[in-house]
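Notes follow once the structure below has been shown.
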Amino acid sequence: MSENTKQNYLNHPKGIMSWLLTLDHKRIGLMYLFSGILFFFLGGLLALVMRFELAAPGNDIISNEVYNNAYTLHGAIMIFLFIIPAIPGALGNILLPLMVGAKDVAFPRLNLASFYIYSFGALFAMYTIINGGVDTGWTFYTPYSTQSTSNVVPMTLGIFIIGFSSILTGLNFIATVHKMRIPGLTWYKLPLFVWALYGTSLVQITATPVLAITMVLLMLERFLGIGIFDPALGGDPVLYQHFFWFYSHPAVYIMILPAFGIISEIIPVHSRKKIWGYKFIAYSTLSIAFIGFLVWGHHMFTSGQSVFSQIVFSFITYFVGIPTGVKIFSWILTMYKGQVSFTPPMFYALAFLFLFTIGGLTGIFLGAVALDIHLHDTYFVVAHFHYVMQGGTIVAFLGGLHHWWPKSFGVMYNQTIANIAALGVFIGFNGTFFPQFLLGLRGMPRRYATYDEQFVELHSYSTFWSGILGISIFIAVMNLFWSFIKKNKVDPGSNPWGGMTLEWTHTSSPPHPHNFEEEPVLQHGPYDYDKVIVEKTYNK
Amino acid sequence: MSEHHITPLRTYLIIAASLLFLSGVTVWVSYIDLGSFNIVLAMFVATVKASLVAFFFMHLLWDDKKNLTMFLMSLMFFGIFVTITMLDTEFRGDLGLNPETKDPINKRAAFYDTLPLTDTHGHPVDEHSDKHHEDKDHH
């Protein structure tokens, strides 16, 4: 092996400045990945504090005020600092240029700027935590958010800044997909993860500015007393919710679309079968991105919006089910008669199918106005949201990490431990959140530190399993990091799962600093398992 | 774009005149009371003006069609946001029922504050409506 092939983006160039000022998309992706995981643990810790407080009905561990801070920060950190930036920022950055055969993203300096803008915004969020927290809930609903004495301003300012990072990443990815593909890599030959990132980026650049506008309007009202949302000043409090959800509903798709992309990669590779309905999956991504803009009012069924709007929003909401169903059925049909191997990424993908389907179907319940009026602000909504976001996005993210870990770092983790951890995540997750559907149906409201005696059994059950869930995620992530210490290296030319996309077939593990030693030539489509035999190669 | 489009001066002058004319229209319609339709009209005229600037002065019309698509998409999303939000603000409190011709759904809803309060049998009631709301919730 030549000296050149031993060089990879991790060891060349060396030095701390080569990391801090790097323009390499893979290094920037890694920086996103580690910051994302850090915030994930912080948010997870807050979740566990809340769960243990809820193990018994009274205020046993923390006061109501601290609880208010805990759920606000849990939501804000998980959504704005982890889920939204992490998958596009980490896996997207590392993989998108590799998948389209490019040397880097279209604007490498802008890419680094996005990371620093994200870090700068995150500093504001950290300041909020140190300075005593914020207690409005992650949605910052007016009129409370304009009156609360907690740190609404630094937190919303942080989110405002992070929003720009999202917009710039989106812009960069769109330009990369349009302009940087190698010759012959037409739209219908792109891996579906690229399609998913493209759809996500479109939503990021069209929806995120509205969040920035909302946060600016909120601050204008707080500081200058301009009546926008406060009725006493001639404003309209429900208008805030329109603004907020016009961004935040599409943001749900910013969070879930990359996860769909990951699943679309994992399932065909680990089933060794051509993906079923490629074009359907690709277009369903775009249609979800579009329909996502038309349904925001379903968060506002009890906010006092007009009955006419409620009917319109409820009706349109059901349309989301069509493209989502197309994806789920396509993935199942891909596995049908495939050579399914039960590797850790595949375990996560199967868990995703199960959990996301429950999350999606309970969304249909909540989309019905009459039922939502009863279930609004109960644990049913909490459970639904977590089935989609944790059971969907985070499980897919873990699956993606396990899938591309040997590619990104050239080391393989212990697969048995990874499988056990995946099983622990699956069981722990269901144990934690399924009882919350029942709690919600029985009337347990969300965002309370104390509750009625009748809910003790389900709450303590949920708390017990949340501990198992937390430990399992910890083991899963530690198992990944342990592979660095254990130095269980995979061969630079190996392809442990038998992937067919360019990052598996045309570059080493970990990749070369310039991605490809020579410009890759496309020999087959991303999932042509019916035409080409790709060997699974692990070590020499 | 590789080819630079040269626009005749005549076109620029026509567009400038149209912009001035449309500014006049904006001022003129502000004196006519059309209710909430005033805002719709004002936004429409402003959109037309902004589009003229983008298409001709900024050469969007002769530029890469992808840029045009992006521009139209942003207009579309803005339109969606404003239109659907107005479906709420314009119809808020309206249950779509005319109390003169149809039975109201909830006789104590804020919408019917002007009507005298009655119990379920239609007899007049003097009590404050809050108590009834509580009762209803328990049922």
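In what follows, every heavy atom counts, from backbone to side chain, and hydrogens, waters and symmetry copies are set aside.
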Report the distance from atom [atom1] of [X] to atom [atom2] of [Y], rounding to the nearest 0.5 Å.
X	Y	atom1	atom2	result
B:Thr89	A:Leu239	OG1	CG	8.0 Å
B:Asp88	A:Gln310	CG	CD	8.5 Å
B:Lys66	A:His178	NZ	NE2	6.0 Å

Checklist entry - What part of B:Met86 gets closer than 4.5 Å to chain A, counting heavy atoms only: side chain, backbone, both or neither? => result neither
Item to check | Atom group of B:Ser74 that falls short of 4.5 Å from chain A, counting heavy atoms | outcome: neither
Item to check | Shortest non-hydrogen contact between B:Ile84 and A:Ser309, atoms and distance | outcome: O-OG, 4.4 Å
Next on the checklist: Using every non-hydrogen atom in the two residues, find where A:Ser306 and B:Leu87 come nearest and quote the distance to one decimal.
Outcome noted: OG-O, 2.9 Å
So with a 6.0 Å cut-off around [atom1] of [X], is the heavy-atom count from everything else above 12?
X	atom1	answer
A:Tyr144	OH	yes
A:Lys179	NZ	no
A:Phe315	CZ	no
A:Ile373	CD1	yes
B:Ile6	CD1	no
B:Phe44	CZ	no

Checklist entry - By number, which residues in residues 204-211 of chain A have some heavy atom less than 4.5 Å away from chain B? => result A:Ile205, A:Thr206
Item to check | B:Thr85 vs A:Phe246, side-chain contact (heavy atoms from CB on, under 4.5 Å): CA-CA, chis, key distance, verdict | outcome: CA-CA 10 Å; B:Thr85 301; A:Phe246 185 75; over 6 Å; no
Next on the checklist: Using the rule given for side-chain contact (heavy atoms from CB on, under 4.5 Å), can you reason through A:Val238 versus B:Arg92, listing the C-alpha separation, both sets of side-chain angles and the distance that settles it, and then say yes or no?
Outcome noted: CA-CA 11 Å; A:Val238 180; B:Arg92 200 174 292 167; 3.7 Å; yes
Next on the checklist: Between A:Phe290 and B:Met73, does the side-chain contact (heavy atoms from CB on, under 4.5 Å) criterion hold? Intermediate values first, please.
Outcome noted: CA-CA 11 Å; A:Phe290 178 70; B:Met73 260 176 68; over 6 Å; no
Item to check | Centroid separation A:Phe243 to B:Phe81 less than 6.0 Å | outcome: yes
